[in-house]
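For reference, the structure is listed below as structure tokens.
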Amino acid sequence: MGQFRDRMDEELRIRGYSASTRECYVRCVRHFMPPPDQLTLEHIRQYQRHLTRERHVAWTYFNQVVYALRFFYREVLKADREVRHIPYQKTGRTLPEILSPAEAAALFKATGNLKHRTLLMTRYSGGLRAPEVTRLRVSDIDRPRSVIRIEQGTGRTDRYVVLSHSLRAALQEYEHAVHPTTVLFPSRAGGGPLSPRSLHRIFQRARRGARITKHV
């Protein structure tokens, strides 16, 4: 798989795919036992049956695997004709579960670590995605204009979100205690940004501490 993994990663990089997407696509293709250039549609069909009958994956993950395989066939193997025969699943649409103000307050109260609490408050207040909040820099907090600058967010575009009065106070307390220099919420190892996975673990601990049962 080594040479194909490198080629696929290179093709993804050239097209500007994010690191998380590159990792996911390579992982999807790496599942197969035969060398990737020997994959047949029957191998793929067997894997799709495994995903639906044994793992019972969501349609979102199922289709992500299809995106990865179609990219691999089209851009790495240059086999356009095979791509058309890899089926997608029918998509669905559900409404998200949203925290009430009381639940949000309980979530923050259950988070004893100042950095973790401020991190969750920043994400909640600005409606930020995990990679967006973990990549924030100290210089992205624009207090005179009461905004937070989000660089290269969804769709690789920049945008601003409102810096609320309560979040401004929380950030001021956090920066006074922690003194971050470049990255607003640095990891303990090396001072780089926290990973989205770490943020997920922080949130899940807070959710359990606040006894919130919603899937949020």
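For residues 179-192, no residue pair satisfies the salt bridge (Lys or Arg N to Asp or Glu O under 4.0 Å) rule, not counting sequence neighbours.
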(Q) Applying side-chain contact (heavy atoms from CB on, under 4.5 Å) to Leu120 and Val133, what does each step give before you reach the verdict? (A) CA-CA 9 Å; Leu120 293 178; Val133 70; over 6 Å; no

**Q.** Residues Leu199, Leu119; criterion side-chain contact (heavy atoms from CB on, under 4.5 Å); working and verdict
**A.** CA-CA 8 Å; Leu199 173 57; Leu119 174 65; 3.5 Å; yes

Q: Could you give me the CA-CA distance, side-chain angles and deciding distance for Glu11 and Arg22, then say whether salt bridge (charged side-chain N to carboxylate O under 4.0 Å, His left out) is met?
A: CA-CA 9 Å; Glu11 294 292 342; Arg22 297 199 309 269; over 6 Å; no

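A salt bridge is defined here as a Lys NZ or Arg NE, NH1 or NH2 lying under 4.0 Å from an Asp or Glu carboxylate O, and Arg49 with Glu54 fails to meet this definition. Taking a cutoff of 4.0 Å between a charged side-chain nitrogen and a carboxylate oxygen, Arg149 and Asp142 do not qualify as a salt bridge. Ion pairing between Arg123 and Glu132 fails under the 4.0 Å rule for side-chain N and carboxylate O.
At distances below 3.5 Å, not a single donor-acceptor pair connects side-chain atoms of His50 with backbone N or O atoms of Gln46. The main-chain N or O of Ser100 is found under 3.5 Å from a side-chain atom of Glu103 such that the two form a donor-acceptor pair.
Side-chain contact between Ile150 and Asp158 is absent, with no heavy atoms from C-beta onward closer than 4.5 Å. You'll find the side chain of Leu69 reaches within 4.5 Å of the side chain of Ile44, heavy atoms only.
Note: Phe71 and Tyr17 have perpendicular aromatic rings, judged against thresholds of 30 and 60 degrees for the angle between ring planes.
Nearest heavy atom pair, residue Tyr174 against residue Thr118, reads CB-OG1, 3.5 Å. Taking every heavy atom of both residues into account, Gly112 and Arg117 meet most closely at O-NH1, 3.5 Å. The minimum heavy-atom distance between Met8 and Ala68, with the atom names listed, is CE-O, 3.5 Å.
Listed by chain and residue number, nothing satisfies the ring-ring contact (aromatic ring centres under 6.0 Å, His included) test with Tyr160 (two or more places apart in sequence, or in another chain). Partners of Tyr61 under the ring-ring contact (aromatic ring centres under 6.0 Å, His included) rule, at least two apart in sequence or in another chain, do not exist in this structure. Partners of Arg211 under the salt bridge (Lys or Arg N to Asp or Glu O under 4.0 Å) rule, at least two apart in sequence or in another chain, do not exist in this structure.
Within a 6.0 Å sphere centred on NE2 of His165, other residues, nucleotides and ligands contribute 12 heavy atoms or fewer. The local environment of NZ in Lys109 is sparse, with at most 12 non-hydrogen atoms from other residues, nucleotides or ligands closer than 6.0 Å.
Following chains of ILVMFWY side-chain contacts shorter than 4.5 Å, one cannot reach Val147 starting from Val138, and the two form parts of different hydrophobic clusters.
No side-chain N or O of Gln48 forms a donor-acceptor pair with one of Arg45 less than 3.5 Å apart.
Under the 4.5 angstrom side-chain criterion for Ile, Leu, Val, Met, Phe, Trp and Tyr, Val183 has no cluster partners at all. Through ILVMFWY side-chain contacts below 4.5 Å, Val162 is grouped with nothing and stands alone.
Side-chain rings of Tyr88 and Tyr67 approach one another, their centers coming within less than 6.0 Å.
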